[in-house]
Amino acid sequence: MPPLEPRHLIKSELRAASPAIAPSILQCDYADLGREIADLEEAGARLLHLDVMDGHFVPNFTFGMTIVEAARRSTNLPLDVHLMMEQPGRYLRQFREAGADVITVHEEVCRDPQELADLLEEIRGLGALAGVAINPPTPLANIDAVVAHCDLILVMSVMPGFGGQAFDRVALDKLAALRARDDMDALLEVDGGINADTIADCTKAGADLLVVGSAISSGKNYRERFKQLEQRM
Ligand code: DX5
Ligand code: ZN
């Protein structure tokens, strides 16, 4: 058998780690990014979630490829880049070159299934895992036609834009429905409002990757926070 391409290797590593916490650096101290990332890695992170916000698709700005590139120089962990932006196709190559291993785009910015499939295949062509994200009001039917083009499906459990919001349980039914499909080869990820009270419901519903922002970054001791969450899941 020929050796696995890096993209497939990362996918099988993440599958083997499932369920795994994907800490978001959204609320970290950017003046000390390298230290923050090292702390998350020491705490047990198997991947890092990076939230890119453009001030259009979501009412908030964060960062672009320069921070992705700085994170890349700080760690060998897979970088899971969540693009909350309009026209993500304009920047896929730059995010990949900055070091993104997973690139996730929102269905809501590309409502034509063929265009969305093309975008996902373009991500794969760049050597990254291709993810599609859906907001809480977006029905699963909207991504039916592109499931075969996805390495990851990101089910949002908050409206994207800010950390620290309350978990929307609509995500649980979507995760369970995706998990029940026999053609499901994508990793299932959930994002928003995940904490010690909500994490077990997510893993029960079938999530592989659990994005956690404030429930980790609000604590001083990331290792403790990780341990508590892992016990719950
Ligand atoms: C929200 C982002 C999330 C955010 C999660 O728009 O996509 O990844 O960092 O933060 P918490 O865990 O605080 O909801
Ligand atoms: Zn996110």
Side-chain angles (χ1 to χ4, degrees), residues 10 13-14 17 19-85 88 91-104 128-129 131 133 152 154 156-167 189-199 209-233:
I10 289 179
E13 277 167 22
L14 292 176
I21 294 170
S24 163
I25 64 162
L26 179 63
Q27 294 172 88
C28 81
D29 176 3
Y30 291 94
D32 214 355
L33 184 63
R35 181 73 256 155
E36 291 271 30
I37 289 177
D39 286 350
L40 289 168
E41 195 163 351
E42 275 165 36
R46 308 289 292 269
L47 72 162
L48 294 176
H49 185 83
L50 276 61
D51 287 305
V52 173
M53 302 188 190
D54 70 348
H56 288 278
F57 175 59
V58 289
N60 197 7
F61 284 102
T62 53
F63 50 79
M65 28 292 202
T66 47
I67 291 284
V68 175
E69 193 270 332
R72 178 73 295 156
R73 280 185 286 117
S74 309
T75 181
N76 290 322
L77 288 177
L79 300 181
D80 168 28
V81 176
H82 178 189
L83 296 182
M84 284 161 275
M85 64 189 297
Y91 301 102
L92 296 177
R93 176 172 294 279
Q94 290 175 65
F95 279 108
R96 175 63 180 149
E97 284 172 359
D101 297 294
V102 182
I103 300 180
T104 297
L129 296 179
L152 178 146
L154 172 54
M156 292 303 299
S157 38
V158 296
M159 276 306 277
F162 298 93
Q165 305 181 72
F167 184 81
E189 183 171 48
V190 56
D191 183 3
I194 299 175
N195 56 35
D197 296 326
T198 54
I199 198 164
L209 304 174
L210 304 121
V211 178
V212 181
S214 49
I216 290 175
S217 48
S218 62
K220 287 219 165 55
N221 187 333
Y222 292 166
R223 191 191 292 257
E224 271 307 304
R225 292 292 175 113
F226 250 82
K227 242 198 275 160
Q228 282 166 6
L229 289 165
E230 279 173 347
Q231 276 162 8
R232 296 292 182 109
M233 69 191 199

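Bear in mind that the values here come from a model prediction, so they are computed numbers and not experimental data. Throughout, residue positions are numbered sequentially from 1 according to the sequence presented.
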> Can any side-chain N or O of R232 pair as donor or acceptor with the backbone N or O of A196 at less than 3.5 Å?
Replying inline: yes
> Tell me, do F162 and P59 make a side-chain contact under 4.5 Å, heavy atoms counted?
Replying inline: yes
> Under the side-chain contact (heavy atoms from CB on, under 4.5 Å) criterion, do Y30 and I25 qualify, and how do the steps go?
Replying inline: CA-CA 9 Å; Y30 291 94; I25 64 162; 4.2 Å; yes
> Do S24 and D51 meet the criterion of a side-chain donor-acceptor pair at a distance under 3.5 Å?
Replying inline: yes
> Is the backbone N or O of A70 less than 3.5 Å from a side-chain atom of S74, with the two atoms forming a donor-acceptor pair by type?
Replying inline: yes
>> Between E41 (side chain only) and L77 (backbone N and O only), is there a donor and an acceptor less than 3.5 Å apart?
In response: no
> Can you find a pair of side-chain heavy atoms, one from R46 and one from L209, that are under 4.5 Å apart?
Replying inline: no
> Step by step, would you call V190 with V211 a side-chain contact (heavy atoms from CB on, under 4.5 Å)?
Replying inline: CA-CA 6 Å; V190 56; V211 178; over 6 Å; no
> Under the side-chain contact (heavy atoms from CB on, under 4.5 Å) criterion, do F63 and L50 qualify, and how do the steps go?
Replying inline: CA-CA 9 Å; F63 50 79; L50 276 61; 4.0 Å; yes
> In Å, rounded to the nearest 0.5 Å, how long is the span from CG of L79 to CZ of F95?
Replying inline: 12.0 Å
> Which pairs, with at least one residue in residues 66-81 and sequence neighbours excluded, count as a salt bridge (Lys or Arg N to Asp or Glu O under 4.0 Å)?
Replying inline: E69-R73, R72-D101
>> Can you give me the closest heavy-atom contact between P160 and F57, atom names plus distance?
In response: CG-CE2, 4.4 Å
>> Would you compute the distance between atom CD1 of I216 and atom CD of E224 and round it to the nearest 0.5 angstrom?
In response: 12.0 Å
>> If you compare all heavy atoms of A215 against all heavy atoms of I194, which two are closest, and at what distance to 0.1 Å?
In response: CB-O, 3.5 Å
>> In the structure I gave you, are the side-chain heavy atoms of V81 and T104 within less than 4.5 Å of one another anywhere?
In response: no
> How far does CE of M53 sit from CE of M85, to the nearest 0.5 angstrom?
Replying inline: 12.5 Å
>> Return the CG to CG distance between L92 and L83, rounded to the nearest 0.5 Å.
In response: 7.0 Å
> So which heavy atom on G161 is nearest to which on N60, and how close?
Replying inline: O-ND2, 2.8 Å
> Is there a side-chain contact (heavy atoms from CB on, under 4.5 Å) between D54 and F61 once you walk through the steps?
Replying inline: CA-CA 5 Å; D54 70 348; F61 284 102; 5.6 Å; no
Without placing hydrogens or testing angles, list every side-chain donor-acceptor pair under 3.5 Å for residues 33-40, not counting sequence neighbours.
unit_1	atom_1	unit_2	atom_2	d
R35	NE	D39	OD1	3.2
R35	NH2	D39	OD1	2.9
E36	OE1	Y222	OH	2.5
E36	OE2	D29	N	2.6

> Are a donor atom and an acceptor atom from the side chains of S217 and R225 found within less than 3.5 Å of each other?
Replying inline: no
> Atom CD of Q27 and atom OG of S218: how far apart are they, to the nearest 0.5 Å?
Replying inline: 8.0 Å
> Can you find a heavy atom in the side chain of L48 that is under 4.5 Å from one in the side chain of P78?
Replying inline: no
> Can you find a pair of side-chain heavy atoms, one from V212 and one from N195, that are under 4.5 Å apart?
Replying inline: no
> Say you draw a straight line from CE of M84 to CG of L154; how long is it, rounded to the nearest 0.5 Å?
Replying inline: 8.5 Å
>> With a 3.5 Å distance limit and no angle check, can you tell me whether S157 reaches the backbone of G192 through a side-chain donor-acceptor pair?
In response: yes
